Each structure stands twice: as structure tokens, then as C-alpha cells.
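Just the heavy atoms: all of them, side chains too, but no hydrogens, waters or symmetry mates, feed the values below. Just so it is clear: chains get the letters A, B, ... in the order the sequence lines come, proteins before strands, and each one is counted from 1. For clarity, every value in this text was computed on a predicted model and none was experimentally measured.
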Number of protein chains: 2
Amino acid sequence: MFAVRVAASSPPPPPSAAKMMMSSSHLAPAPPPPPSSSLCSPDARPLLCTRTPSRLLQRRRRWRSSNLSRSMTRRTELERARPALTVRARDGGAASGEVETAVVERPRPSSFQVSRGRPTPLGATARDGGVNFSVYASNAASATLCLISLADLNESRLTEEISLDPMINRTGDVWHVFLKGDFADVLYGYKFDGKFSPEEGHRYDATRILVDPYAKAVISRGEYGILGPEGDCWPQMACRVPSDGDEFDWEGDLPLKYHHKDLIIYEMHVRGFTRHDSSKTDFPGTYRGVVEKLDHLKELGVNCIELMPCHEFNELEYFSYNSVLGDYKMNFWGYSTINYFSPMVRYSSAGLNSCGQDAINEFKTLIKETHKRGIEVLMDVVFNHTAEGNENGPVLSFRGIDNSVYYMLAPKGEFYNYSGCGNTLNCNHPAVRQFIVDCLRYWVTEMHVDGFRFDLASILTRSSSLWDADNVFGKPIGEDLLTTGTPLSSPPLIDMISNDPILRGVKLIAEAWDTGGLYQVGTFPHWGIWSEWNGKYRDVVRQFIKGTDGFSGAFAESLCGSPNLYQAGGRRPCNSVNFVCAHDGFTLADLVSYNDKHNLANGEDSNDGENHNNSWNCGQEGEFAGISVKRLRKRQMRNFFVCLMVSQGIPMIYMGDEYGHTKGGNNNSYCHDNYINYFRWDKKEESASDFYRFCSLVTKFRHECESLGLSDFPTAERLQWHGHLPGKPDWSETSRFVAYTMVDSVKREIYIAFNASHLPVTVVLPERPGYRWEPLVDTSKPAPFDFLSNDIPEREVAVKQYAQFLDSDLYPMLSYSSIILMLSPDTSA
Amino acid sequence: MFAVRVAASSPPPPPSAAKMMMSSSHLAPAPPPPPSSSLCSPDARPLLCTRTPSRLLQRRRRWRSSNLSRSMTRRTELERARPALTVRARDGGAASGEVETAVVERPRPSSFQVSRGRPTPLGATARDGGVNFSVYASNAASATLCLISLADLNESRLTEEISLDPMINRTGDVWHVFLKGDFADVLYGYKFDGKFSPEEGHRYDATRILVDPYAKAVISRGEYGILGPEGDCWPQMACRVPSDGDEFDWEGDLPLKYHHKDLIIYEMHVRGFTRHDSSKTDFPGTYRGVVEKLDHLKELGVNCIELMPCHEFNELEYFSYNSVLGDYKMNFWGYSTINYFSPMVRYSSAGLNSCGQDAINEFKTLIKETHKRGIEVLMDVVFNHTAEGNENGPVLSFRGIDNSVYYMLAPKGEFYNYSGCGNTLNCNHPAVRQFIVDCLRYWVTEMHVDGFRFDLASILTRSSSLWDADNVFGKPIGEDLLTTGTPLSSPPLIDMISNDPILRGVKLIAEAWDTGGLYQVGTFPHWGIWSEWNGKYRDVVRQFIKGTDGFSGAFAESLCGSPNLYQAGGRRPCNSVNFVCAHDGFTLADLVSYNDKHNLANGEDSNDGENHNNSWNCGQEGEFAGISVKRLRKRQMRNFFVCLMVSQGIPMIYMGDEYGHTKGGNNNSYCHDNYINYFRWDKKEESASDFYRFCSLVTKFRHECESLGLSDFPTAERLQWHGHLPGKPDWSETSRFVAYTMVDSVKREIYIAFNASHLPVTVVLPERPGYRWEPLVDTSKPAPFDFLSNDIPEREVAVKQYAQFLDSDLYPMLSYSSIILMLSPDTSA
């Protein structure tokens with residue numbers, strides 16, 4: 001158990017809530033340890049940190065591990081059960097009348113006017129001067145709406161219960177009730193009673209107060225990283241009750257509707273982006289902080305940001321002392337959703353103000369302001385599993401509402417673990433798929449997001465476990481029954497999303513694999529509109545650029561938008577999201593600085609994280625290396641960036657790569673709320689005349705060139721392959737050279753060459769009578785000559801240095817370098 | 001064209017609107033003919049009766065005709081295009097300022113406060129002091145919300161147009177706008193512009209004002225059968241705008257939730273039920289009329305009514321003079337839906353009062369009052385086609401909104417005609433299936449109906465035509481593309497309906513065939529919960545009872561709930577809706593009075609209607625027959641009714657059969673708004689001591705017997721087959737005798753025998769020591785001895801007449817008769 005481990009290793013304890021309120025920064029060294037007994041509350045209730053079993057953490061470590069295929073989660077350590085909320089009569093004194101069980105047989109007469117309510121829409125809806133509550137729970141025998149005032153929540157008290165009559169307040173599988181009354185500072189949750197019979201798939205527990213899956217904000221702890229009132233990592237949660245006054249002034253915000261082919265995506269983390277002191281933002285680590293720094297993105301030239309998870313999650317999920325770094329492990333990334341409709345409240349500078357409405361509005365402001373700058377917003381959504389983990393995980397919402405519906409279960413009730421995180425959302429169950437579509441619609445229509453990146457999307461293509469529902473033609477036709485988890489050729493959920501009238505036109509991007517061994521890059525069921533994180537692009541480009549034999553052909557295909565993957569299915573280059581680095585794996589700087597992962601800081605002896613990184617340290621391992629190694633690394637970073645920006649398809653940059661952010665070789669930094677994951681604004685400033693400048697220029701160059709964002713795969717009229725000699729490409733096993741010319745309606749023609757060999761080469765350029773090739777990019781040159789922008793004072797001189805080569809249609813390339821040349825009229829002729 | 005035909009045959013013209021307002025009854029002989037020119041309005045606009053081409057009427061005639069399989073509708077006569085609504089400035093005079101085209105370039109500034117609106121929910125929704133309008137139209141280039149005051153609608157004027165901006169008022173494929181202002185007596189519709197390119201599937205016409213598919217009431221003509229203001233059968237329609245004050249007092253009405261096995265269904269027609277003068281109702285032919293007569297249903301013992309179509313349709317669809325009967329043909333049955341959310345306004349005594357809200361409330365009152373009497377309400381829903389017919393049909397709603405989405409189209413835009421009515425709703429298209437589910441949810445949650453009977457439900461299992469949407473894996477994988485209309489093993493629509501959380505528990509009954517040759521009785525994709533109209537039961541029972549060789553085994557299976565059809569798929573007897581007669585085909589009285597259909601009154605030389613009726617006239621054709629023939633007919637009617645009520649499964653009675661209603665041998669009476677289809681309350685009174693009494697008693701007997709509504713198929717412990725000798729059933733080809741005993745927890749044991757032979761037989765009953773068999777039912781006896789109810793004064797005497805047989809465990813049966821005997825303790829022993 002965690003408490004024992006804490007005592008054994010004697011770390012500094014976590015900052016208490018009271019202390020942290022005074023000092024909002026906990027980047028400072030941990031405060032001196034108070035007596036360890038303070039970790040438990042005075043009434044001897046245990047410290048309720050849910051320690052996710054070690055196995056559950058593997059998802060962010062071995063994201064393509066095949067030995068997890070279809071494995072069930074194993075029972076590991078038993079989590080200590082969380083005590084039920086204390087129920088106290090509303091007017092009861094604080095010291096008396098306390099009851100230790102949440103089950104109150106006969107609640108007092110309601111202070112609300114209660115009527116039958118309606119089953120639609122699901123969730124809580126302000127209407128007709130009251131609020132309609134509606135929740136799906138097909139296997140529950142009874143349901144109780146729990147009302148909790150903000151004050152009572154802080155005191156772990158339940159304010160009022162309204163039990164629902166199955167005859168009156170239930171339509172089909174939906175429970176509903178309508179309340180009129182004073183909802184000021186009132187939150188809600190539900191209790192459900194029913195079977196606790198894990199082997200049948202049911203895990204009802206009438207003492208739990210559960211979060212409505214359709215809650216629009218989840219209220220518990222208001223400040224990021226701060227423990228709950230009694231040192232609890234998982235204090236009771238409750239849901240915001242909507243009100244008529246929730247309108248937000250969008251100032252006419254409308255979707256930008258960029259064509260996919262014109263996108264340049266920037267994958268970023270809300271907190272990490274401005275949490276570092278060097279951001280000098282007024283609201284570091286929040287949605288507002290991001291808004292303060294949007295100009296950076298504009299400057300970099302990206303026109304789309306992809307936010308790592310912003311659905312409500314618990315950053316204290318893995319909360320434990322990290323003896324390596326001397327701080328606490330967190331769920332920093334947030335791939336562990338508690339509620340899919342709620343923006344992460346603790347990413348908001350407003351905290352719990354107005355019961356979460358301010359947080360919602362802060363998220364909306366982020367969207368609105370981003371749109372104002374011509375940048376779209378995609379959300380990384382984690383519909384493959386929830387924060388409830390395996391059978392030892394906490395009961396927060398789905399598990400207590402309808403375990404056998406929301407989770408993919410084996411015949412004896414075990415949790416399938418295709419996500420590597422202990423459970424698998426039963427995505428293709430009729431109720432769950434409707435839930436997911438409702439959720440996506442909400443983010444599009446209410447929150448104005450422009451699209452989604454689906455984490456481990458292959459799980460969304462797996463058949464659901466229909467616990468005891470009949471199959472279409474009944475039980476006995478066994479051969480028609482699909483095994484739970486079988487990949488479906490036409491998954492109903494993907495069908496629904498793809499064909500939803502309201503979702504029509506939003507960006508849909510699949511991370512087309514899961515940890516159950518399913519790898520669907522190029523084969524994800526796409527309905528013609530889904531894009532994919534092109535993991536094969538990443539692998540091929542890394543191999544080729546670092547100089548591995550045998551990849552020239554594959555590299556050429558990658559440059560063309562991977563027609564090998566996408567052309568046969570009728571898709572286009574823009575269905576490929578190209579990336580070299582993402583949150584998973586090495587950063588760009590680490591990719592060229594480390595041969596091996598260095599994950600000790602994760603506290604698992606470097607057993608976590610990907611082992612096959614296709615990385616190359618350029619001669620020496622780690623940050624501290626000789627000057628020539630460092631020079632080569634810079635070249636390689638430029639090569640990768642050039643490759644990304646000239647490739648057909650949608651390029652994606654990972655936050656921080658534009659200035660060469662390092663995680664010190666950690667390729668699985670999910671748990672670090674510290675410098676490892678923080679964007680370093682000071683480093684970016686340093687890089688302003690170097691790599692950052694280069695990236696910005698190449699990014700803008702891509703936008704300028706018509707031929708670099710084609711709507712279809714390039715044809716021979718458009719693209720000509722070259723080798724060391726023009727028109728003579730070398731596709732042999734040992735080739736490390738790929739070059740081509742592209743006809744461009746804006747730029748006339750472009751020559752692009754990648755020399756991934758350890759040897760320099762002088763290439764012969766294709767002759768273009770009446771024109772000559774002008775240098776633009778050469779990754780082997782030091783800044784600012786790596787990109788010969790017009791504003792370099794010495795530009796003319798620099799250009800002249802290679803004039804004699806270019807006059808003869810030649811260009812001398814260094815080893816591991818790439819170039820871009822432009823065709824321009826030969827004025828000397 | 002109709003006008004020409006009218007002139008040629010010189011019939012009495014249809015009653016004009018003005019005349020009919022004075023004389024509400026048009027059962028009286030048609031008024032003397034006015035000059036035929038009055039059929040056209042003074043401004044020479046043509047009389048706008050859409051004459052559905054003869055081919056389109058075949059659906060109600062040849063419902064199982066195989067030669068229609070996958071046939072397209074053929075172009076027949078071209079319908080004259082309907083003129084566009086006249087647009088007049090709101091304050092323009094009636095005589096001046098009239099513009100003959102509906103396209104107004106710059107409408108005046110709106111008198112409403114207009115804002116962006118939301119895409120969900122679809123339809124018009126009262127909210128936040130205004131109304132949100134939302135409509136799906138994926139292929140439209142522009143959309144205009146049309147507001148029409150009730151006064152302007154009567155004058156064919158458009159009051160105001162609000163054109164929607166595709167950038168602002170469109171989210172995905174959904175157009176939306178929010179209006180605040182005075183909506184008193186304001187109706188709405190839409191205009192869409194886009195391609196008119198039938199070969200691509202698009203049929204946009206910006207001059208048409210269209211009905212919102214989600215309209216809650218459709219307003220045009222208010223009184224049934226009365227032509228529009230200018231003699232128009234299809235005057236302009238508009239939709240009700242909802243308001244906050246639409247609440248209805250349900251008085252706590254809750255679903256009855258009867259188990260399927262306990263149902264006895266009564267298929268009825270709202271107008272036909274009380275339209276006849278003999279009903280003596282205050283509101284004949286309306287929902288209120290039905291309420292006035294609910295006690296009859298209670299008395300008959302049914303606990304569920306199935307209403308023939310009550311969705312808005314146009315009873316004047318086939319309006320034409322019928323020279324055979326001297327009246328006008330109507331679409332009386334109503335299998336031709338204009339709008340699926342709107343109750344048929346002209347079935348309401350309130351007509352257009354409060355823009356349709358009173359009609360909605362009248363429908364709700366019908367449901368509420370029916371529930372109060374312990375009777376559930378099922379709706380017959382026609383989701384297989386719409387009233388828009390084929391390419392020559394009117395453009396009312398779907399066709400002008402998104403033709404290629406709503407209709408199943410062949411590659412060149414032709415309409416598939418699996419319905420036999422000119423078009424086929426594209427049910428499995430993602431947008432259409434959501435539409436259907438939304439609609440069903442509405443009727444359940446808002447209207448409190450208890451379930452649905454799906455007309456030609458097999459069409460709902462056919463694959464959609466995805467006009468130019470990509471298939472899941474793109475175009476080139478041709479082998480994966482399903483042909484439009486292919487029956488699907490797991491149709492998405494049926495999946496959605498079957499697994500919808502809100503529809504969970506409502507009754508779902510499929511008419512499991514279509515006119516495209518698909519016949520799925522026993523094989524409809526049922527998800528364990530669908531019941532079927534058991535057409536095979538009807539056929540087998542008719543054959544056996546009329547004395548056809550070779551049906552004894554099949555008849556025995558029919559009595560058991562058709563395990564041959566339903567057991568293998570995991571279903572139960574209650575998944576079989578058993579019926580002998582329904583609206584399609586002969587009535588029960590006609591079934592025993594006619595060998596052949598007599599459909600001359602339909603005006604198609606008796607070419608319409610089913611030819612294989614398995615009927616028998618008992619010796620003489622027609623109503624006028626000798627006394628012995630009439631006696632045999634009565635016996636046969638009793639035999640059928642006994643069979644229906646002792647069969648496992650859900651028995652369904654067709655309205656009027658309980659008193660022996662005759663349609664004079666017409667087996668396809670869809671077009672008659674007259675005595676043919678009217679329930680004859682006078683005849684029912686006459687029958688009170690005869691067949692009606694018998695039916696009521698047998699129906700009540702079924703309710704009393706535990707063994708007649710089993711939840712599963714009877715086993716050998718429960719049921720024992722007999723022949724002329726006990727325990728010796730005769731399943732030979734020539735057997736016309738089936739008998740069995742059923743153990744019954746209430747009635748001890750029942751003996752049931754059917755002698756369908758032309759010869760009498762004295763059967764030996766199974767010995768039950770200590771007990772003797774007591775007579776209850778003998779269909780060969782004259783009333784009241786056919787059912788020996790306890791209230792018959794002569795009961796004791798009657799029982800004694802057969803005592804000598806029963807003392808010896810014998811019973812003498814007449815030819816074509818059936819008996820029910822009860823086991824009782826032998827007090828004489």
C-alpha cells in the first residue's frame with residue numbers, strides 16, 4: 001500500500017491543501033516533512049490515494065507491446081475501499097447528527113419541487129425554470145439523485161437525496177426527474193443500487209456518489225496538484241448544475257474550416273506550455289496562459305493546435321513520491337478521463353469559481369482567442385478507457401452506473417485491457433457509442449472545437465461485449481456472435497461519427513493502434529474522411545534520416561503522403577498526419593541525442609517506455625557531447641524538420657521541438673509535472689536566431705508553396721525523382737539519397753534533396769534552360785545561412801558562395817544534410 | 001390527366017370547401033354537379049390533385065407480388081407541377097403587389113430578432129424566450145426559413161423569409177437559426193436551393209416551401225376530405241411553431257408495460273371506428289370519437305389497440321370520382337406519410353385550432369384515456385416510403401430537402417420501389433436512421449404510445465444508397481460495397497431501435513415483408529425483442545380451418561406459437577403476432593363468404609388486391625346465401641376466433657370482425673371513405689347476443705387461462721396431442737383434426753379440438769380419473785350455447801344434453817367445428 005511505502009522511503013510528504021493555498025507554486029523544493037501521521041486524517045480515515053497498480057501504467061510505456069494482446073488485467077494489489085460520504089441532515093449541527101453511512105432510508109421532504117422529468121436530453125439541462133436530470137443506467141434497480149451544496153461537498157456531506165421511482169422516473173433504461181428550486185451553489189451526483197456481482201458484470205454500490213457521465217463540469221479539488229481537504233487524492237466529486245445564465249459571448253466566433261491539406265498541427269499540453277517560470281504569463285499552466293502565448297504559435301506558422309487531454313482527469317492519479325527527482329509523480333499528460341464532457345477544471349485559472357462555469361468559459365475563451373489568430377483547435381480524446389482502472393480501481397462514475405455497459409467485459413466479468421490501462425471502454429455498445437457521439441457533438445457545437453485526435457483509436461473499432469443483450473438473431477446462432485474485442489470491418493461507432501450530420505466536416509484523426517496488438521495505420525476504417533497519425537511515416541523517416549540502409553524507397557513514399565498506405569482506399573495525402581516526434585517517445589532533440597531511453601525518473605527502472613526508437617545520438621549519448629556531435633545533431637534536427645514540412649500530408653510538430661526541447665532522454669514523460677514537460681520560453685528565446693528561426697521559416701515556406709500541400713498524390717507531371725544525377729533516382733538497398741523536383745504554381749519549381757549518407761556528395765541538378773537553381777535551404781550550414789531568408793543582411797554574399805556550382809547545375813552537399821533550391825529565371829543568360 | 005378524365009366521365013364534382021363547411025357530413029349523396037369549369041380556380045391555375053400513377057397504388061394490392069422485386073418505378077404520366085406560393089409583402093394589399101414567383105431577392109428587415117441558433121435538437125424548439133429552428137440538409141447550397149401567418153397561408157402568401165448564411169447558420173450538414181419575436185399564429189417552412197439534377201439524385205427547387213421532417217404538426221386543410229381554398233387537393237402546407245405553453249396535463253399517465261404474452265391486440269382505424277352514423281358519437285371519425293367508444297374495447301376484452309396510420313397524410317391523395325360507388329376515392333387507410341412527427345390533424349375534432357396544438361392534445365387525450373381503461377396503444381408506422389411518390393410525385397418535404405439522403409436511389413437517380421408506392425425511404429442511411437429513432441422516441445416520450453407496428457418492415461433491413469458518401473474503406477474496394485437494397489444481416493436502423501435506451505421496453509412489431517419480394521416472417525433481424533405479424537400463421541390457419549388437406553401439423557405448430565419460426569432464434573411465442581384477418585385482405589366475415597375478391601369499387605377492374613386469400617365461401621359466393629351456408633359461415637368464424645384465442649402468441653383482431661363486418665368481398669379497401677370501412681355500431685348491437693357475445697367471452701376466457709399466454713413454447717409436460725382417440729394425434733396428409741389438452745394452473749386442464757373435416761366425428765377424450773370433462777365452447781351450436789357462460793339461464797339444461805357422452809369420455813363434434821372442454825372434479829363419482 002502507498003501509505004506503507006511512504007513510511008518506508010520517508011520522502012517529503014505532499015504539500016497540504018492549506019499550505020499550498022498560501023504558496024501557489026510547488027515548483028519550489030518540497031517543504032520540510034511534517035510528521036508522517038499527518039498523511040492520515042485525525043479520525044484515522046486512510047489517506048485515499050488510489051495507487052494504480054504498476055501494470056496499469058504500462059499503457060504510456062509499451063504502447064505497441066504485443067504481449068499484452070487481449071490480456072485481461074490481473075488482480076494485483078487491492079485498493080483500499082474509499083469511505084462513503086457522510087450524510088448529514090441539512091440543518092444538522094456539524095458536531096452532532098453525523099451518520100457514518102450514506103444510506104438514509106427516508107430523506108426529509110425535498111426543498112425542491114419535484115416532478116417526473118423527461119428522459120431526453122441526457123445529463124442535467126436547465127429548462128422551464130428548473131433543471132431536468134436524466135441518466136442512463138440499464139441494470140440499476142434503484143436510482144437516487146444526490147444534491148450537494150458546495151459547502152457540504154467541502155465537508156464531505158450530502159445535502160439532499162431524491163430517490164427516483166422506477167415506475168415514474170424511468171423510461172426504458174433512462175432515469176429522470178425534474179426539479180425546481182434554488183440551485184445556487186448546488187452540485188449533483190447519483191447513487192445507484194443494484195447487483196454487486198462482478199462475475200455477472202455488475203458492480204453496484206449504493207453508498208457511492210457518482211459523477212454523471214454527461215456532467216458539464218466536475219467539482220472536487222479546485223487547484224492543480226493540491227490534495228483534498230483531508231489529504232485525499234480522490235475527494236468526493238460532484239457535478240455542476242447548469243443554469244439559464246450560462247451563455248458565453250462568442251463574439252461571432254465561427255469555425256475556420258481549413259482544408260486538411262493546409263493544416264500544420266502543433267501538439268501541445270495546456271499546463272506544460274506556460275507552467276515554466278520563463279513563460280512570464282499571468283496565469284501560468286492554464287487555459288489563459290495558453291491564450292497569453294498564442295502569438296508564439298502564430299509566429300511559428302502553425303495553424304492548428306492539438307491539445308493533449310483536456311477532459312477532466314485526476315492529476316493525482318499516480319501521486320507518489322519520486323525519489324529520483326525528489327518530487328511527486330503525477331498524471332501529467334492526463335490520458336485517464338474521469339468525465340468526457342467536462343474541461344479539466346484545474347487547467348483553469350478560475351478553479352471552482354461559479355461551480356465550474358468559469359472554467360468552462362475559460363476553455364471557451366481559449367478556443368475563441370485561438371480562432372481569432374487563425375488557428376484551429378483539435379482535442380486529444382481518450383475514449384479507449386477511463387480513469388476507473390481495473391477491478392481495483394476507484395468507482396467514480398461509469399463503473400457504478402452501468403459497469404457491464406461501459407466496459408468491455410469477459411464472460412466472467414473480467415476487464416479487457418486493450419488500452420493497457422486496466423479497462424477498455426465498450427465503445428461499440430449502442431449506449432456507449434451514442435454517449436461518445438453526444439460528447440463529440442457537445443465539444444463541436446458548445447465548445448467550438450474543430451476536431452479530434454482519438455487516442456488508441458483502434459479500440460474504437462473493436463466489437464463490444466453485449467453483456468446479456470441478445471444478438472441480432474438470438475443466442476443459438478453461435479457462429480454469428482462476434483467475440484468481444486474482434487476488430488470490426490464497419491464499426492458502428494466509427495460509422496456514427498463519420499456520418500453524423502453535426503460532426504460533418506470536423507477533423508477526425510485516429511491514433512490507429514492500441515495496446516492489444518491491433519495496428520491499423522493505413523487500414524483504419526475511414527469512411528473516406530478519417531486521417532491517421534502516420535506511425536509508419538515516423539518510423540521510416542527516422543530510419544532514413546539517421547542513415548539506415550534500405551529506406552530510400554519508403555522515404556520517398558513518405559514524402560509523397562504515403563500513397564502506399566492511403567491511395568488504395570480512395571484517401572488523399574491529407575489523410576496522413578505526418579510526424580517525427582509526439583508526446584509519446586523522444587523529443588526531436590532527444591531523438592538525435594540518445595540511442596537509448598533514460599526513464600529512471602519515472603521510477604520504474606527504465607522498464608517503461610518504447611524500446612525501439614530508431615534514434616541516433618550522433619556519436620555520443622546524452623546532452624553533453626563534443627562540438628562536432630552537436631553540430632551534426634542540429635543538422636539532423638533541421639533535416640527532420642525540412643522533411644516534415646516538404647512531405648505531402650498534414651505535418652505535426654510536437655510542442656518544444658521548435659527550439660529543441662529535451663526531456664533528458666526520457667521517452668515516456670507522462671508522470672512529470674516539472675521541467676521535463678515544461679515548455680522553456682527562455683530556451684525558445686535563445687533559439688530565436690537559430691533552430692526556432694529555421695523552423696518558422698520552413699513552416700512559412702510550406703504555406704507559400706502550392707505544391708507542398710497537394711490535395712492528391714503527386715503525379716509524374718508534378719514530381720520528378722532524381723539521384724546524384726538528374727532523373728536517375730537510386731532506389732537500391734544501400735541508397736541514402738533521395739531528391740526530387742516539384743512543379744509549383746507559385747514558386748515555379750523546387751528542388752529538394754536529402755543526403756542521409758555519412759559521405760558528402762556533389763549532386764547534378766536537372767537542367768532548366770533559361771532558368772537557374774537558387775539556394776534557399778541547406779541544413780548543413782550554420783544559422784542564419786541554413787535558410788536564406790530575404791532579411792539576412794549577408795544573403796547576397798552567401799548566395800554567391802555557391803554560384804559557381806549552381807552555374808553548372810551542381811550543388812555540393814555535406815553528409816547528413818538536405819537542401820531546397822528554387823528555380824528562378826536566369827538573368828545572366 | 002385527372003381533369004380530362006373528370007370531364008370524360010362527367011361525375012358529380014367534389015364538394016367545395018364552402019359547401020362542406022355547412023354540411024359536415026359527406027356521406028349523403030353527392031351534391032348536384034356544378035359547371036365542370038369550377039374545378040379550376042378563376043385565375044386558370046390547374047386543379048392540383050396529384051394523381052398518383054396507377055402503378056403506385058399497387059402496394060396495397062399486391063403486397064407480396066414477386067414480379068416487383070427490385071423494380072424501379074417507371075415514368076408514367078407526368079404530374080403537373082404545382083405552382084409556387086405567391087409571395088406578397090406583409091402589408092401589401094390583397095389585390096395589388098402580387099408577385100408570381102416565390103423568389104424574393106431582398107426580403108424586408110425581419111420583424112424577428114435573429115441570431116445564429118444551434119444545430120441540436122433538430123426541428124423547431126421553444127427555448128430561452130424564442131424558437132430555435134434546425135434542419136438537416138446536406139446537399140443544399142442555401143436555405144431559407146419561411147414564416148407564414150395562418151392568414152397568409154389561407155391566402156397562399158408567404159409572410160416573411162429569413163435566409164440562412166452557410167457560414168453562420170450551418171454546422172456540418174445542419175442549418176439553424178434562432179428567432180425571438182411574436183409567433184402568435186405564425187407557421188413555418190423551409191426553402192432550399194441546390195442542384196436540380198435528378199441523375200445525381202438532387203431535386204432542389206427554391207420555389208417550394210417545404211415541411212420540416214421534424215414538424216410537430218402540419219397545417220394545411222383542417223377538415224377531413226374537404227378540398228383546399230381553391231379546390232386544391234394539395235394546398236400549401238406549413239409547420240406548427242412550438243411554444244412554451246404546449247404542456248399537456250397527463251394526469252400522471254404512465255405506461256402500462258403489459259407483458260407481451262398478455263396482450264390481445266385490436267387493429268383499428270381512427271376514422272373508420274366512429275365515422276358511421278350509428279356510432280352516435282359527438283365527434284364522429286376523430287380521436288375524440290375513439291375515446292367515446294373505448295368502453296366497447298374494454299367489453300370486448302382487448303387490452304391493446306393498434307392504430308392504423310395516424311401520422312399526417314393526405315386523405316385526398318388519390319382523390320378522384322368513383323363511378324362504381326358514385327363517391328370519391330380517398331386515401332382512407334393513410335399508408336402514405338407526409339410527416340412522421342405530426343399526428344393526423346384531420347382526425348382531430350379540433351382541426352387547425354391553435355395551429356395544430358389542439359390536435360396534438362386530442363391525440364394525447366386518446367392515449368391517456370385509453371391507458372385509463374387499461375388498454376395500450378400501438379401505432380402503425382410507415383417508414384418504408386413517403387407520400388412524395390416517384391419522380392412524378394409532389395415535392396412536399398424530404399424530396400426538396402435532401403432527395404439523395406431520404407430516398408433509396410439507383411445510380412442514375414431513379415427511385416427504388418421496394419414499397420410498391422413509388423419510392424423507398426433510405427432507412428439505413430445514417431441521417432435517416434437517426435431521424436427514425438428520434439421520431440419513435442418522440443412518440444414514446446411525448447405522446448406516451450406503447451409501441452409500434454412497422455409497415456413493410458423488411459424495407460428497414462435493406463442497405464441504404466449512400467449517394468456519394470464514401471464507403472467505410474473507400475471506393476476502390478468494390479467487393480465491400482453492398483448493393484443498394486441488399487437485405488442486411490444486422491441492419492443499423494434495427495440495431496439502433498432495438499438498443500435505444502429510451503425505446504427499451506416498448507413493443508416492436510414488424511410486418512416482416514415488403515413488395516420487393518423480401519419475406520422475413522421468422523427471420524426478421526430481431527435482437528431478441530421484435531415480434532412479427534405472423535403471415536404464415538394466417539395462411540396456415542385459413543387453410544386448415546377451411547378443410548385443406550396437409551395442414552394439420554402446421555396448424556398444430558401455429559397453435560403453439562410457431563416454434564418452427566421462432567424457437568431457433570431464441571424467441572418466444574409472444575414474438576408471434578397471430579392474426580387471421582387484418583386491414584389487408586378479407587374481413588373475417590368475407591373470408592367465409594367469398595372465394596374471390598370483389599374489388600370493382602376500387603375502380604381498377606378488380607386487378608388490385610391479393611389473389612391468394614385461402615378463403616372459402618362455404619358453398620355460395622357472397623352475402624346472399626342459403627341458411628345452411630350462413631350457418632356454416634358462422635361456425636367457421638367461431639372456429640377462426642377460437643383458434644386465434646387459444647393459440648400461443650399475441651392474438652390480433654381486426655376491427656369489426658367481432659361482429660362480422662363485411663366489405664362485400666373487397667380485399668383492398670384502402671380508398672373508401674364510406675360504409676365499406678366504417679365500423680357498424682348498429683351491426684355490433686345486433687350481434688350482442690351472437691358472434692360479438694361469443695368473441696367477448698372467448699377473449700375473456702383467454703385472459704383467465706394461464707396456459708393460453710405462455711412465456712415459452714409449451715412442453716410435453718404441459719401439452720398433450722390427441723386425435724379421434726386420446727394420445728393418438730393424426731399428422732397424416734389427410735388429417736383435418738387437431739386436438740390437445742393443456743395443463744393450466746388456473747383452470748386445471750383444458751381440452752381443445754378442431755374438426756375441420758366435412759364429416760362429423762365423435763371423439764374419445766383422454767381419461768382423467770376423478771375428473772370429468774365439462775363443455776364450455778362448441779362452435780357448432782347456436783348462440784348462446786356456443787359458449788356456455790354461467791349467465792345463460794338454460795345452461796344446466798344445455799350441459800345435460802351431452803352428459804351421456806361426457807360420462808363416457810366422448811364428445812360428438814359436427815363437421816367444421818371446434819370445442820373447448822374443461823376438466824372438473826367428478827362429483828358423481
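- The greatest number of non-hydrogen atom pairs below 4.5 Å with chain A, out of B:V506, B:D500, B:T171, is found for B:T171.
- Atom CD1 in B:I502 sits 8.0 Å away from atom NE2 in A:H176 (nearest 0.5 Å).
- No part of A:S115 comes within reach of chain B, as not one of its non-hydrogen atoms sits under 4.5 angstrom from that chain.
- Taking B:M496, B:E446, B:R170 one by one and counting their heavy-atom pairs under 4.5 Å with chain A, the maximum is reached by B:E446.
- Ranked by heavy-atom pairs under 4.5 Å with chain A, the first of B:Y136, B:W530, B:W250 is B:Y136.
- Only the backbone of A:D253 comes within contact range of chain B, with at least one heavy atom under 4.5 Å from a heavy atom of that chain.
- Comparing B:R433, B:K257, B:R571 by how many heavy-atom pairs each has under 4.5 Å with chain A, the most go to B:R433.
- Both the backbone and the side chain of A:I168 come within contact range of chain B, each with at least one heavy atom under 4.5 Å from a heavy atom of that chain.
- For A:L503, no part lies under 4.5 angstrom from a heavy atom of chain B.
- Look at A:R116 and B:E251 and you find no salt bridge, because none of the NZ, NE, NH1 or NH2 atoms lies under 4.0 Å from a carboxylate O.
- For the pair A:Q434/B:Q434, a side-chain contact is recorded, criterion being any heavy-atom separation below 4.5 Å from C-beta on.
- By number of non-hydrogen pairs under 4.5 angstrom with chain B, the leading residue of A:D495, A:V444, A:D173 is A:D173.
- Counting heavy-atom pairs under 4.5 Å between each of B:G172, B:G505, B:P501 and chain A puts B:P501 at the top.
- Chosen from A:D244, A:V174, A:L122, the residue pairing most often with chain B at heavy-atom distances under 4.5 Å is A:V174.
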* To do: Show your working on side-chain contact (heavy atoms from CB on, under 4.5 Å) between B:T445 and A:R118 and close with a plain yes or no.
  => CA-CA 7 Å; B:T445 59; A:R118 295 180 185 204; over 6 Å; no
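- A salt bridge between B:D128 and A:R127 is absent, with no side-chain N of the basic residue lying under 4.0 Å from a carboxylate O of the acidic one.
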